[in-house]
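Data first, discussion second: the structure below is written as structure tokens.
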Amino acid sequence: MNAVVQPPVNEASNPATRNVAIVGATGAVGIEILKCLEDRNFPTRSLRLFASPRSAGKTLPFRNSQVVIEALTQECFKGIDIALFSAGSGISKEFAPAAVAAGAVVVDNSSAFRMDANIPLVVPEINSAALTEHHGIVANPNCVAIIACVPLWPIHKHNRIRRIIASSYQAASGAGAAAMADLRDSTQAHLEGRE
Ligand SMILES: NC(=O)c1ccc[n+]([C@@H]2O[C@H](COP(=O)([O-])OP(=O)(O)OC[C@H]3O[C@@H](n4cnc5c(N)ncnc54)[C@H](OP(=O)(O)O)[C@@H]3O)[C@@H](O)[C@H]2O)c1
């Protein structure tokens, strides 16, 4: 077991290869980020996984290794090139500045920086050019907004959309891993005739 995953041999010489960290790696979003890195064969020189002290010492699989989860600290970002944050807005506000100070680019999935005029809010399919304007942090929108904007953008380019009236019905997963477990457990209890 390792806190740092070594890259496949053909990645070691790839200049795009990066030291990557996931903050909130054990969460509903963090687990999906981990799967995306693996499915897309993202060129990682090393991968570090951070979560709360509750998860420190547990492991998650990545490629052919088990990666040890570390407790998040202000000092943990040394050597990280890209830090993918999904541990809630409070954690992002508290720890993203330390990641940037250590030289990392932060991609933040929380709401912490979405309304900050100095931080680009990016959906790659729509405004990837804004990535060139970041000062260390890149925000992304709410999950419903991202998915709605992708098909609306080409329509907007041809026929300007003035107003959108939308209702969104969030899945239990939108409230995180604990809500998904609660839905599963309470559904099972209901089907078994329990409280
Ligand atoms: N769920 C979605 O569909 C979705 C979509 C887009 C964006 N987001 C945003 O992404 C963020 C995470 O959402 P989620 O659904 O993945 O939540 P979640 O399942 O509750 O996961 C929260 C993560 O944050 C970690 N964490 C909690 N307290 C911490 C602390 N003090 N120090 C370090 N790590 C800590 C947890 O670690 P432990 O396991 O150790 O507690 C876990 O890894 C939120 O800001 C959310 O708004 C969510």
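Computed from a prediction, not measured in an experiment: that's the story for all the values here. Excluded from the calculations below are hydrogen atoms, water molecules and symmetry mates; all remaining heavy atoms, backbone and side chain alike, are included. Counting starts at 1 for both ligands and their atoms, in listed order.
- Salt-bridge check for E38 with K35: failed, with every basic side-chain N at 4.0 Å or more from each acidic carboxylate O.
- A heavy-atom distance below 4.5 Å is found between the side chains of V20 and F42.
- Shown here for A96 and V106, the closest heavy-atom pair between the two residues is O-CG2, 4.0 Å.
- With a 4.5 Å cut-off on side-chain heavy atoms, I80 and R48 count as touching.
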For ligand 1, find each of its N or O atoms that sits under 3.5 Å from a protein N or O atom, and tabulate the pairs with distances to one decimal place.
| residue | atom | partner | partner atom | Å |
| --- | --- | --- | --- | --- |
| ligand 1 | 1 (N) | S173 | O | 3.0 |
| ligand 1 | 16 (O) | A28 | N | 3.1 |
| ligand 1 | 16 (O) | V29 | N | 2.8 |
| ligand 1 | 19 (O) | A28 | N | 2.9 |
| ligand 1 | 19 (O) | A177 | N | 2.7 |
| ligand 1 | 34 (N) | S52 | N | 3.2 |
| ligand 1 | 37 (O) | T26 | OG1 | 3.2 |
| ligand 1 | 39 (O) | T26 | OG1 | 2.5 |
| ligand 1 | 39 (O) | S55 | OG | 3.2 |
| ligand 1 | 40 (O) | S52 | N | 3.2 |
| ligand 1 | 40 (O) | S52 | OG | 2.6 |
| ligand 1 | 40 (O) | S55 | OG | 2.4 |
| ligand 1 | 41 (O) | S52 | OG | 3.4 |
| ligand 1 | 41 (O) | R54 | NE | 3.4 |
| ligand 1 | 41 (O) | R54 | NH2 | 2.8 |
| ligand 1 | 43 (O) | G24 | O | 3.2 |
| ligand 1 | 43 (O) | T26 | N | 3.3 |
| ligand 1 | 43 (O) | T26 | OG1 | 2.6 |
| ligand 1 | 43 (O) | G27 | N | 3.1 |
| ligand 1 | 45 (O) | G88 | N | 3.4 |

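- In this structure, a donor-acceptor pair under 3.5 Å is absent between the side chains of R54 and T26.
- Considering S89, S86, S92 in turn, S92 is the only one that fulfils the side-chain hydrogen bond (donor to acceptor under 3.5 Å, both in side chains) rule with S110.
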